[in-house]
Amino acid sequence: MSSRATITVLAGDGVGPEVTEQALLVLLAVEERFHHTFTVHHGLVGLDAIAAEGVAISDATFETCAGSDAVLFGAVGGLPAAERRADGPRPEQALFRLRKEFGFFANLRPVRPLATAASPLKPEYLKGTDLVFVRELSAGLYYGHLESVPGKPSEIRRDGPEAEAVDTLRYTEGEIERVVRAAFEIAAGRQRRVTSVDKANVLSSSVLWREVVDRVARDHPAVAHEHMLVDACAMRLIRTPSDFDVIVTENLFGDILTDEASMLTGSIGMLPSASLGLRRTAGGMFGLYEPIHGSAPDIAGQDQANPVGAILSAALLLRHSLGLHREAAAVEEAVEEVIREGYRTVDLHEGGRTVIGTREMGRRVRDALARS
Ligand code: IPM
Ligand code: MG
């Protein structure tokens, strides 16, 4: 059956445009190969939006996203230090606005090592590794500054004898429950194991987190669950990553642990993500899809960035927002095939492999897709 869908592309800063272009070309190849009709809009976000419109994302661009089934996002960031002003617009604000106003509380970050020899871990440690993070994305320390939430300060105070700074880690039961429910539902369709990560030996927010996890777990008797302290999890991710199936955790822990986990795949350039909330589309859930790597301004424009994280994000878009499961799997298999054939972007340090650029990696994935 052929589908119609509207996708807004926000390529953003640094390497964002290069990797997003390859992800979009893969989506267009899927459109043609499987006879769908995708309407694509482009919008400014990050530094270009600040330069042209004075804000990291304008209301008009935001509305374009709101009218779509999904947002394909590149990266934002890289404002030169000399141009940073405490009260000035920052490119990252675009992400925070999109995450908050669209209610994207669940950030899925699957980790599957494909190019195992590129990982700093010995291959035997990686055996059987196939896990997914469900990172809470709309609350916690990241949103301590929101005026709309009383009693959540995030500020630097300079009126005392010495400067002090404060951030607030606050979670409501409801904010915990909805992301934990999402994690259990995802686990039910996988290996049926949830690891909830917190710091309950120190933080009140983590004590509440555990209570909610235990309560939600009672609704999912077929899914096993465990609690793990975040420091222990950081260690276990390296020692026995195959122990994990679904890891659910609060915003900042998830930010840190997913960068760590990306090394299981050899490069942060390999990891995709999906940000989801509650809004439905014709085929699934409205969502935002981005590689986790960020803008990497040092290599921007050099055809060196790894587009795999962006392309796998496009696969997640097909699956979660458009309900195109076969197409999503075809994209993932095409990526696996190109990696199996030995092609690597320069970030995947491995001897004896053919190093190719961003564009060639994208083209090879499209060729593999066409052959499938
Ligand atoms: C991520 C990024 C962002 C975050 C930055 C760019 C604010 O690191 O998506 O993981 O911390 O959430
Ligand atoms: Mg991060």
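Each ligand, and each atom within it, is numbered from 1 in the order the structure gives. All figures in this text were calculated on a predicted structure; none of them were measured in a lab.
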Practice task
Give me the ring orientation class for Phe104 and Phe286: parallel if the planes are under 30° apart, tilted from 30 to 60°, perpendicular past 60°.
Solution key: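 Correct class here is tilted.
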Handout entry: Cationic tip of Arg135 above Phe253 ring, under 6.0 Å, 45° of axis
Key =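 Not satisfied by the 6.0 Å and 45° rule.
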Handout entry: Worked verdict on Thr8 versus Ser68 for side chain to side chain donor-acceptor pair (under 3.5 Å)
Key = CA-CA 6 Å; Thr8 297; Ser68 310; 2.5 Å; yes
Dump the pairs for me: ligand 1 N or O, protein N or O, distance under 3.5 Å, to 0.1 Å.
residue	atom	partner	partner atom	Å
ligand 1	8 (O)	Asp255	OD1	3.2
ligand 1	9 (O)	Arg99	NH2	2.8
ligand 1	9 (O)	Arg109	NH2	2.9
ligand 1	10 (O)	Arg109	NH1	3.2
ligand 1	10 (O)	Arg109	NH2	3.1
ligand 1	10 (O)	Arg135	NH1	3.2
ligand 1	10 (O)	Asp255	OD1	2.9
ligand 1	11 (O)	Tyr142	OH	2.6
ligand 1	11 (O)	Asp255	OD1	3.4
ligand 1	12 (O)	Arg99	NH1	2.8
ligand 1	12 (O)	Arg135	NH1	3.3
ligand 1	12 (O)	Arg135	NH2	2.9

Practice task
Return the set of residues passing salt bridge (Lys or Arg N to Asp or Glu O under 4.0 Å) with Arg364 (not counting sequence neighbours), or none when no residue passes.
Solution key: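 Listed in chain order: Glu360.
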Problem - Phe244-Phe133 aromatic ring centre distance below 6.0 Å - result: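 Here the rings of Phe133 and Phe244 have centres that are no less than 6.0 Å from each other.
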Practice task
Please find out if the Mg ion (ligand 2) and some N, O or S atom of Asp255 are separated by less than 2.8 Å.
Solution key: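 Under 2.8 Å: Asp255 contacts the Mg ion (ligand 2) through an N, O or S atom.
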Problem - Passing option when His36 is tested against Glu31, Glu327, Arg4 for side-chain hydrogen bond (donor to acceptor under 3.5 Å, both in side chains) - result: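 Running side-chain hydrogen bond (donor to acceptor under 3.5 Å, both in side chains) over Glu31, Glu327, Arg4 with His36 returns exactly one hit, Glu327.
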